[in-house]
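For reference, the structure is listed below as structure tokens.
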Amino acid sequence: ENESYHGFCHGNYFHTFWMSGMTCYLSSIITNPEDRGKGYGVMLMDRAAELAKERGCKAIMLMSGLPRETAHAFYEKYGFDRGCYGFDYYL
């Protein structure tokens, strides 16, 4: 918009055993702090869902750090379910 951006979304597509088919994994989705609450996050999610459907995905998955409660509220309002725990193993 006017040669500027309001957010960013990046995803990958892969086959999963637990979903029994193609899945979209969103590795990044973020809006600029000053642009939050203006609908840009919903537009990014809508586009990601559209692309995932075009590729035959059964689900969209993402991970989010425990302290990101505002982001979690956004994901749940959009329709995501909390589905698992994430684990980190540092080398």
Side-chain angles (χ1 to χ4, degrees):
E1 183 177 85
N2 299 325
E3 297 188 27
S4 65
Y5 67 94
H6 301 282
F8 174 81
C9 182
H10 178 265
N12 297 310
Y13 307 97
F14 60 97
H15 287 276
T16 60
F17 292 114
W18 63 92
M19 290 287 177
S20 299
M22 189 65 94
T23 302
C24 174
Y25 175 74
L26 291 185
S27 54
S28 300
I29 181 164
I30 190 165
T31 55
N32 298 333
E34 66 274 13
D35 292 323
R36 293 184 183 147
K38 297 179 181 177
Y40 294 112
V42 171
M43 288 192 302
L44 288 169
M45 282 293 197
D46 287 349
R47 183 67 176 137
E50 180 182 318
L51 291 170
K53 286 178 186 176
E54 288 175 7
R55 286 163 177 76
C57 293
K58 294 187 174 189
I60 296 175
M61 299 172 51
L62 59 83
M63 292 177 57
S64 182
L66 291 173
R68 301 187 66 233
E69 293 178 5
T70 303
H72 302 166
F74 169 76
Y75 302 141
E76 289 177 337
K77 183 177 179 181
Y78 192 84
F80 281 81
D81 293 322
R82 291 180 188 231
C84 67
Y85 287 104
F87 297 91
D88 298 318
Y89 181 77
Y90 297 99
L91 301 174

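This structure is a prediction, so every number in the text was calculated from the model and none was measured.
For the pair Ala71 and Ser64, the tightest heavy-atom approach, listed with the atom from each and the gap, is CB-OG, 4.3 Å. Pairing each heavy atom of His10 with each of Ser27, the nearest pair is ND1-OG, 2.7 Å.
Note on ring orientation: taking the six-membered ring where Trp is involved, the planes of Phe87 and Tyr85 are tilted (angle from 30° to 60°).
Atom CD of Glu54 has more than 12 heavy atoms from other residues, nucleotides or ligands within 6.0 Å.
Arg36 has its side chain within reach of Ile30: a pair of non-hydrogen atoms, C-beta onward, lies under 4.5 Å apart. Using a 4.5 Å cut-off on side-chain heavy atoms (C-beta onward), Asn32 and Tyr40 make no contact.
With respect to Glu50 and Lys53, no salt bridge is recorded, no charged nitrogen being found less than 4.0 Å from a carboxylate O.
Side chain of His72 to main chain of Gly65: a donor-acceptor pair is present (N/O by atom type, distance under 3.5 Å, no hydrogens or angles).
Separation of atoms OG1 (Thr16) and CE (Met61) is listed at 7.0 Å; rounding is to 0.5 Å. Lys38 contributes atom NZ, which lies 8.0 Å from atom NE2 of His6 (distance to the nearest 0.5 angstrom). Between the NE2 atom in His15 and the CZ atom in Phe17 there is a gap of 10.5 Å [rounded to 0.5 Å].
Cluster note: Val42 groups with Leu26, Ile29, Leu44, Met45, Ile60, Leu62, Phe74, Tyr75, Tyr78, Phe80 through ILVMFWY side-chain heavy atoms spaced under 4.5 Å, whether in direct contact or through intervening members.
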